[in-house]
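Take a look at the structure below.
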Amino acid sequence: MKNYIIHDEWKIIENGFHKEENRVTESLLSIGNGRSGQRANFEEKYSGDSLRGSYVAGIYYPDKTRVGWWKNGYPEYFAKILNATNWIGINVWIDDEELDLNQAEVLSFYRDLDMKSGLLTRKFVAQMAGEKQIEVSARRFLSIADQEIGAISYSVKALNFSGKLTFEPYVDGDVVNEDSNYDENFWIGISQGVSGQSGFVCLETKKTAFQLCTGMNYKVQLNNESFLPDTNSIEREKYVGSRFSVEVKPGDEITIEKYAALISTLYHAKNKLKEATEKALKRATEKGFEKLLADQQKAWAKRWETSDVRIEGDVAAQQGIRFNIFQLNQTYLGDDERLNIGPKGFTGEKYGGVTYWDTEAYCLPFTLGTAPQMVSKNLLMYRYKHLQKAIENAEKLGFTDGAALFPMVTINGEECHNEWEITFEEIHRNGAIAYAIYNYINYTGDKEYLAPYGFEVLLAISRFWSQRINWSEEKKKFVLLGVTGPNEYENNVNNNFHTSYMAVWTMKYTLEAIDYLKKEHPMLYEVLVKKLKFQELKETSRWKKITKEMYFPYDFTRKIYLQQDGFLDKELIPASELRPEDRPINQKWSWDRILRSPYIKQADTLQSLYWFENEFDKATIERHFDFYEPLTVHESSLSSCIHSILASAIGRQEKAYEMYLRTARLDLDDYNNDTCDGLHITSMGGTWMAFVQGFGGMRVLNGQLHINPFIPDGWKSYSFRLNFREAHLEFLINRNQIKILNHSKINVDIAVHGELHQVPAKKEVTINN
Ligand code: BGC
């Protein structure tokens with residue numbers, strides 16, 4: 001765990017240069033606008049340890065798979081969101097010495113990311129050879145008001161010398177992914193050019209043929225007066241720079257305002273890319289840095305209006321929740337159903353940009369609660385559009401008749417994960433995708449989504465479960481063999497409770513969907529039956545049998561469901577007895593030792609109890625929590641949030657808070673020692689869930705919104721906001737009162753601690769807590 005980030009309600013602050021943590025800080029201070037993301041790399045050269053990263057949504061490369069022992073069914077490639085053209089670069093020379101904070105003496109250093117406006121600021125004083133001191137102030141952002149634009153204001157002041165300052169703003173497309181499997185360069189140069197203070201580089205990805213055009217334009221000021229420099233153009237393959245020098249005396253300051261346009265074939269035709277780049281640059285340059293920043297501040301204020309969470313009395317917790325909300329909002333804006341939310345968003349390469357079950361399980365509740373309904377629908381449509389590919393994926397594994405297995409990892413619907421025990425066996429993901437349909441409809445009331453989109457997906461997933469499950473003559477029950485549950489520290493187990501539960505639940509829910517469609521949309525249902533070759537009687541009678549006669553491993557002594565067959569054969573030594581030097585076990589132990597151990601990576605059986613809370617009584621949830629939590633090592637970022645919510649639900653407030661802080665500050669404090677690779681973006685949705693569903697006790701039951709809030713010790717009050725159906729609501733909770741503000745034009749009924757209250761349109765209601 002690290003604690004060099006300064007606690008502040010709105011800013012993420014590094015004071016003093018923590019060189020050894022540079023990769024961590026680069027991840028933490030990443031900026032993004034849903035279309036692209038940029039790690040907090042320096043504008044000028046830096047020869048120290050750094051992961052340079054610029055990523056553009058949807059631009060990927062199918063990097064050839066690297067495995068030792070090939071298994072039939074493996075995908076040929078692993079999709080990577082590519083590290084793309086460096087648009088931030090400005091090289092600086094003081095006389096003839098290049099500025100590089102790895103070489104210069106750093107006299108003072110400060111950087112922060114202002115979450116109110118998505119603005120990254122850096123200030124430092126550096127001493128060069130001959131004791132020449134310069135003061136640098138840099139600000140930059142990726143605009144969420146105009147998503148094609150990035151802007152930088154970069155000033156250098158000569159503090160104590162007369163001499164020459166030289167600058168080279170540039171665009172550099174000669175970049176590679178650090179995690180490239182075969183050290184390949186994925187980009188081909190298409191065109192480039194530089195003249196005066198403008199330049200551009202257009203590239204194309206190998207194999208996938210996406211094009212990306214990155215343009216720059218800059219303006220210069222000397223002591224706040226505009227200044228026209230004499231420029232030299234610098235060009236090499238995939239690189240354009242524009243160099244100029246200025247003679248300065250002590251106190252003189254040069255400011256460069258650099259505008260960048262990031263234009264891709266996701267949004268423009270190939271033959272219009274250059275034109276679109278020029279247009280975007282013109283827009284940016286005409287507005288200028290300050291006006292663009294004002295637009296940015298306005299756009300962010302709007303985002304915060306529906307998603308902010310406030311805590312009074314705990315700055316660390318406040319910074320944590322805002323950081324999570326901010327990063328999620330930087331990653332996904334929800335206006336393009338081709339895009340999704342990668343576990344690291346645009347903040348690193350590992351898992352970068354590709355889609356996991358994380359989206360449905362951990363991010364959807366956040367978009368449901370804070371964004372317009374369309375945003376959540378787009379997340380569901382992403383999977384609907386991939387349904388055909390999921391059917392083909394299942395066919396490759398031997399399934400037939402329209403059964404679908406959605407991929408563990410994907411960017412275009414094709415599976416690209418390739419560890420057999422996960423690719424072929426971690427099939428609970430199919431359940432998460434079905435559950436998301438239920439979750440969306442339950443929250444929004446948009447039952448129409450079932451016809452046709454939701455139903456088609458549910459049917460295909462139910463068909464998969466039906467074929468994947470077999471009858472055990474020995475047990476006289478249906479069983480689900482050879483799976484990996486969410487706990488990846490167990491592989492190829494039989495009858496994983498969570499996976500089997502998801503399978504049975506999906507079939508039951510699909511049966512309900514059929515009843516609904518037959519009643520409400522009989523004609524459309526008939527069309528679907530034909531289109532999907534659905535043999536209703538035959539197929540559903542097997543599902544019904546399975547739902548009645550499924551086997552779930554159970555311990556009659558402890559009265560708990562077992563994670564899988566044989567779980568009790570393990571030595572059940574609690575994780576608290578592990579030696580500190582053995583943790584995290586995934587970095588310290590052999591895989592063999594991990595697999596035989598009782599240690600659980602993340603919520604597994606407890607994931608079902610969280611999702612299907614209403615199907616278990618409180619004592620049952622407690623028994624399961626008390627058995628599984630002590631064996632859980634929380635080595636997945638997705639673990640603490642589920643434990644926090646369950647702990648809240650059973651009144652373990654201290655545990656709920658401990659788990660909340662762990663998820664909220666996972667990256668800020670680098671709990672798992674891996675923030676250097678990028679941020680845990682999808683688990684940030686889990687943090688929001690832990691807050692709103694955990695502390696706030698928010699649930700939607702049969703269309704009725706419920707809250708059941710408590711305040712963690714030490715907090716004075718907190719508030720959160722919710723979009724619920726047509727309403728926008730704000731909840732303010734202190735030790736004595738719950739105030740609900742209805743910002744919308746309709747009356748809303750809300751159950752508070754089980755009692756129904758009406759909150760009239762545009763009014764507030766105060767209730768004793
Ligand atoms: C977790 C998975 C998750 C993946 C991406 C893994 O460590 O075990 O559940 O989908 O990370 O976040």
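Just so you know, ligand 1 is whichever comes first in the structure, and atom 1 is the first atom listed for that ligand. Just so you know, these numbers come straight off a predicted model, no measurement behind them.
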| If you measure every N/O of Thr682 against every N/O of ligand 1, is any gap under 3.5 Å? |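 No, no N or O pair falls under 3.5 Å.
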
| For Ile12 against Leu29, the heavy-atom pair lying closest together |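 Shortest heavy-atom separation between Ile12 and Leu29 comes out as CG2-CD1, 3.6 Å.
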
| said: Ignoring hydrogens, what is the shortest heavy-atom contact between Gln327 and Leu28? Give both atom names and the distance. | reply: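 In this case the closest contact between Gln327 and Leu28 is NE2-O, 3.4 Å.
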
What protein heavy atom is closest to [atom], reported as residue, atom name and distance in Å?
atom                    : value
atom 8 (O) of ligand 1  : Gln602 OE1, 2.6 Å
atom 7 (O) of ligand 1  : Lys601 NZ, 2.7 Å
atom 11 (O) of ligand 1 : Tyr351 OH, 3.6 Å

| request: Please work out which of Asp358, Asp604, Asn672, Thr484 has its closest non-hydrogen atom nearest to atom 5 (C) of ligand 1. | output: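 Selected option, by shortest heavy-atom distance: Asp358.
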
For ligand 1, which atoms have a heavy atom of [X] less than 4.0 angstrom away?
X      : answer
Leu638 : 3 (C), 9 (O)
Pro343 : 5 (C), 12 (O)
Trp357 : 2 (C), 3 (C), 9 (O), 10 (O)

| NZ or CZ of Arg66 within 45° of Tyr182 ring axis and under 6.0 Å |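 Positive - Arg66 is close enough to the ring of Tyr182 and near enough to its axis.
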
| field | Geometric cation-pi criterion Arg468 and Trp465, 6.0 Å radius, 45° cone | value |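 Because its charged atom misses either the 6.0 Å distance or the 45° angle limit, Arg468 does not stack over Trp465.
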
| Any side-chain donor near an acceptor of the partner, Glu26 and Ser50, under 3.5 Å |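 A donor-acceptor contact under 3.5 Å links the two side chains.
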
| said: Is a donor from one side chain sitting under 3.5 angstrom from an acceptor on the other, for Asn491 and Glu488? | reply: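 There is no such pair (donor and acceptor under 3.5 Å, judged by atom type) between the side chains of Asn491 and Glu488.
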
